[in-house]
Amino acid sequence: MLIPRLAATGGSLAVAATVAMVGMLDLTVGSLRRTISEYALGDYRPVFDIAVVLLAVGSLAILTALVHKGLTKWRSAGSLALVLWSAGLFLVVVFPKTNWAMGTNEISGSIHRFGSMLAFVSLPIAIIALARPWLKDSVWGRHARWTMLSGVVSVVAFMPILYAIAMGVVSDVRWWRVFPLGYIERILLIAEVGAVLVVGLWAIAASRVAPWRVGETSRITSAPSTTSSTTRVRS
């Protein structure tokens with residue numbers, strides 16, 4: 001039980017550290033109207049990079065705990081989407097956004113935007129997919145419902161960006177000027193990082209439970225079977 005407990009707790013602490021580091025930058029040197037990625041273009045790039053890497057690695061650690069305790073499989077939709085979320089975050093770190101003040105770097109900027117979109121889209125899918133199989137479970141139903149709710153909040157937080165992109169297509173207004181992008185990005189980040197922390201709390205709870213209890217399922221929602229429910233792993 002030590003490995004999943006360390007992965008769940010360490011991953012959750014890493015994700016929380018991301019919030020603290022970005023919050024510190026916002027409170028001391030930044031403007032909320034500017035995008036978070038702009039921190040990577042100046043003297044504070046190491047702080048930004050470490051924060052994003054901690055978020056990516058922490059998310060993977062939480063996923064490792066969930067898989068180890070049998071709450072999901074590596075090849076499940078939720079696991080794959082969470083891996084894509086982390087992959088998108090790594091792309092954001094490796095390829096900074098375009099620095100228009102120092103001259104354009106459109107290739108790096110394009111990959112950066114792709115990584116950001118990949119991460120922001122994949123995370124809600126991952127959260128909802130991880131929660132869905134356990135919503136009516138007798139042991140993990142409550143955690144699953146909170147996880148599902150956090151996934152839905154992430155989807156709602158992403159809607160303004162989709163609206164801005166749509167407005168940019170049908171009008172002459174650049175999509176990043178429809179709303180103050182810095183504010184929208186921070187709302188989305190809070191929603192999605194919060195969702196990862198909710199999953200982290202679920203992983204921590206599972207890591208403290210004896211292995212034979214993790215796979216328990218509700219007799220009410222499960223069809224009768226001669227196979228013990230304690231051996232079942234949901235995908």
Side-chain angles (χ1 to χ4, degrees), residues 2-27 30 35-37 39-40 44-69 71-72 74 76 78-94 115-131 134 140 142-158 184-208:
L2 182 60
I3 293 177
R5 184 173 297 182
L6 289 175
T9 304
S12 298
L13 289 175
V15 173
T18 298
V19 178
M21 295 173 74
V22 174
M24 178 188 68
L25 290 176
D26 283 343
L27 290 173
T35 63
I36 298 173
S37 297
Y39 289 129
Y44 300 96
R45 179 173 181 178
V47 180
F48 171 85
D49 288 351
I50 292 172
V52 177
V53 169
L54 283 174
L55 179 56
V57 173
S59 300
L60 292 176
I62 291 170
L63 176 60
T64 299
L66 293 176
V67 172
H68 196 281
K69 299 301 294 186
L71 291 170
T72 189
W74 282 114
S76 69
S79 295
L80 294 175
L82 198 60
V83 170
L84 289 176
W85 149 262
S86 294
L89 293 175
F90 284 126
L91 288 176
V92 166
V93 171
V94 175
S116 299
M117 191 63 65
L118 177 64
F120 286 145
V121 172
S122 297
L123 195 278
I125 296 173
I127 298 300
I128 292 172
L130 289 170
W134 299 95
W140 301 117
R142 183 177 180 182
H143 283 281
R145 288 190 288 273
W146 277 108
T147 300
M148 177 66 76
L149 178 61
S150 68
V152 172
V153 171
S154 297
V155 172
V156 173
F158 190 67
I184 299 301
E185 190 177 81
R186 283 166 176 80
I187 292 172
L188 179 58
L189 183 64
I190 290 171
E192 298 209 340
V193 172
V196 177
L197 285 175
V198 170
V199 178
L201 293 176
W202 186 3
I204 291 172
S207 71
R208 294 175 177 174

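A quick note: this is a predicted structure, and the numbers were derived from the prediction, not measured.
Put simply, CG on Leu188 and CD1 on Ile184 are 9.0 Å apart, with the number rounded to the nearest 0.5 Å. Ile128 contributes atom CD1, which lies 8.0 Å from atom CD1 of Ile125 (distance to the nearest 0.5 angstrom). Rounding to the nearest 0.5 Å places CG of Leu189 at 6.0 Å from CZ of Phe120. Leu91 CG to Leu118 CG: the interatomic distance, rounded to the nearest 0.5 Å, is 7.0 Å.
When all heavy atoms are compared, the tightest approach of Ala7 to Ala65 is CB-CB, 4.1 Å. The heavy-atom pair separating Thr147 from Ile127 by the smallest distance is O-CG2, 3.0 Å. The two atoms that bring Ala16 and Leu197 nearest to each other are N-CD2, 4.1 Å, heavy atoms only. Across all their heavy atoms, Val92 and Gly115 have their closest contact at CG2-C, 3.9 Å. Nearest heavy atoms, Ala8 versus Ile62: O-CG1, 4.2 Å. In terms of heavy-atom proximity, Arg208 sits nearest to Arg5 at CA-NH2, 3.6 Å.
Under the side-chain contact (heavy atoms from CB on, under 4.5 Å) criterion, Val47 pairs with Met21, Met24, Leu25, sequence neighbours left out. With sequence neighbours excluded, the residues satisfying side-chain contact (heavy atoms from CB on, under 4.5 Å) with Ala56 are Ser86, Leu89, Phe90. Taking the side-chain contact (heavy atoms from CB on, under 4.5 Å) definition, one finds that Ser79 meets it with Leu63, Val67, Thr72, Ser76, sequence neighbours left out. Scored by the side chain to side chain donor-acceptor pair (under 3.5 Å) test, Arg45 finds Asp49 as partners (sequence neighbours excluded). Residues forming a side-chain contact (heavy atoms from CB on, under 4.5 Å) with Ser154 (at least two apart in sequence, or on another chain): Leu123, Pro124, Ala191, Glu192, Ala195. Remark: Ser150 pairs with no residue by the side chain to side chain donor-acceptor pair (under 3.5 Å) rule, at least two apart or across chains.
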Worksheet entry | Full working for side-chain contact (heavy atoms from CB on, under 4.5 Å) between Leu54 and Ile50 | CA-CA 6 Å; Leu54 283 174; Ile50 292 172; 3.9 Å; yes
Worksheet entry | Trace of the side-chain contact (heavy atoms from CB on, under 4.5 Å) decision for Phe158 with Met117 | CA-CA 10 Å; Phe158 190 67; Met117 191 63 65; 3.6 Å; yes
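Side-chain atoms of Leu71 and Trp202, non-hydrogen and from C-beta on, do get closer than 4.5 Å to each other. Counting only heavy atoms from C-beta outward, the side chains of Leu82 and Ser122 never approach each other to under 4.5 Å.
Residue pairs meeting the side chain to side chain donor-acceptor pair (under 3.5 Å) criterion with at least one member in residues 15-26, sequence neighbours excluded, are Asp26-Tyr39, Asp26-Arg186. Counting only residues at least two apart or on different chains, no salt bridge (charged side-chain N to carboxylate O under 4.0 Å, His left out) pair has a member in residues 194-207. Each side chain to side chain donor-acceptor pair (under 3.5 Å) pair with one or both residues in residues 54-65, not counting sequence neighbours, appears once here: Ser59-Trp85.
Ring centroids of Trp140 and His143 are separated by less than 6.0 Å, placing the two rings close together.
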